[in-house]
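Note that ligands are numbered from 1 as they come in the structure, with each ligand's atoms numbered from 1 the same way. Everything numeric here is computed off the predicted structure, so don't read it as measured data.
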Amino acid sequence: MANRKYIVGNWKMNGLREQLSDIVEIAAIAEQNSQVDVAICPPVTLIAQAAGNVPGFTIGAQDCHFAAKGAHTGCLSAAMIREAGAKMSILGHSERRADQHEVDSEIKAKAEAIHTAGLGAIICVGETEEERDAGKAVDVVCGQLEGSFPDNAAATWLTIAYEPVWAIGTGRVPEASDVEEMHAAIRGKLVELTGEGADAVRILYGGSMNGGNAAELLSVPNVDGGLVGGASLTAEKFGPIIKAAAAI
Ligand code: PEP
């Protein structure tokens, strides 16, 4: 049986209080398309207000620390983001892997901390353009997945997002056949790592998804949803992606 589609908006470092109305509108569209799971991950400054404004809708974070507490200036624990109102967190986004030098073992520890706090996690994996051109994309992505895969992983709380780095924010999207090949490889790796429960772990595609290409990307075998950056910032742009997922 196909998994329920999961459409997640990553607002990155975008959004002030005046953008909260977009989350209210997005939550209303999600409610009208209830066969799809939808979440928005705004900057942490908006989590509490967003969660208060739309109590039945999933608000997530974009990162958390792996430690429960301590001397980590500027960081937030899983319990802190939960208390703010987050139900899940994106982890290991390629921008954090590049800018904050996050490595697989750290992402694995973050996922375990998220699970301990009772939240959901989306672990991001993806190759650079150089790695794809060198024919190493599948090996790189499966290696990241293995290295960042948490102990006690289960589909009830864990999602994987395949995001080719060269497709993020560029308007470039891989061929459907390349997405299919990669998602099949990730599924195969999940079978190796988790055994029987692997089919229920959702694998999202991310990278320049928009209202125009969502239907095609979301129809690719083993694509269980989308992780969306730029096109998630307004209800006008994000709504068509939710509706495309609902129509599949
Ligand atoms: C992302 O950063 O997760 C992403 C997919 O961004 P965009 O949709 O803007 O490419």
### Query
Are E129 and R172 within salt-bridge range, i.e. N to O under 4.0 Å?
yes
### Message
Quick test of your reading of the model: are K237 and D22 salt-bridged, counting only N-O distances below 4.0 Å?
### Response
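No salt bridge links K237 with D22.
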### Geometric class of the Y162/H183 ring pair [parallel <30°, tilted 30-60°, perpendicular >60°]
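Answer is perpendicular, since the angle exceeds 60°.
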Number the atoms of ligand 1 from 1 as they appear, then name those within less than 4.0 Å of a heavy atom of [X], with their elements.
X    : answer
G169 : 7 (P), 9 (O), 10 (O)
A167 : 10 (O)
G207 : 5 (C), 10 (O)
H93  : 1 (C), 2 (O), 3 (O)
L227 : 3 (O), 5 (C)

### Contact partition for N10 relative to ligand 1, non-hydrogen atoms under 4.0 Å
side chain
### Query
In terms of hydrophobic clustering (I, L, V, M, F, W, Y; side-chain heavy atoms under 4.5 Å; direct or indirect links), are V228 and I122 co-clustered?
no
Heavy atom of the protein closest to [atom] (residue, atom name, distance):
atom                   : value
atom 2 (O) of ligand 1 : K12 NZ, 2.5 Å
atom 9 (O) of ligand 1 : G230 N, 2.9 Å
atom 3 (O) of ligand 1 : E163 OE2, 2.6 Å
atom 4 (C) of ligand 1 : G229 N, 3.5 Å

### Query
Can you check whether S208 has an N/O within less than 3.5 Å of an N/O in ligand 1?
yes
### side-chain hydrogen bond (donor to acceptor under 3.5 Å, both in side chains) involving H65 - partner list, sequence neighbours excluded
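H65 satisfies side-chain hydrogen bond (donor to acceptor under 3.5 Å, both in side chains) with H72 only.
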### Message
In this structure, does ligand 1 have an atom that sits under 4.0 Å from one of the heavy atoms of A231?
### Response
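Contact check A231 vs ligand 1: negative.
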## Note on the structure
I90 and C41 have their tightest heavy-atom pair at CD1-SG, 3.7 Å
## Note on the structure
In short, L204 meets Y6 closest at the heavy-atom pair CD2-O, 3.5 Å
### Message
Among residues at least two apart in sequence or on other chains, which ones pass salt bridge (Lys or Arg N to Asp or Glu O under 4.0 Å) with K12?
### Response
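Residues passing salt bridge (Lys or Arg N to Asp or Glu O under 4.0 Å) with K12: E95.
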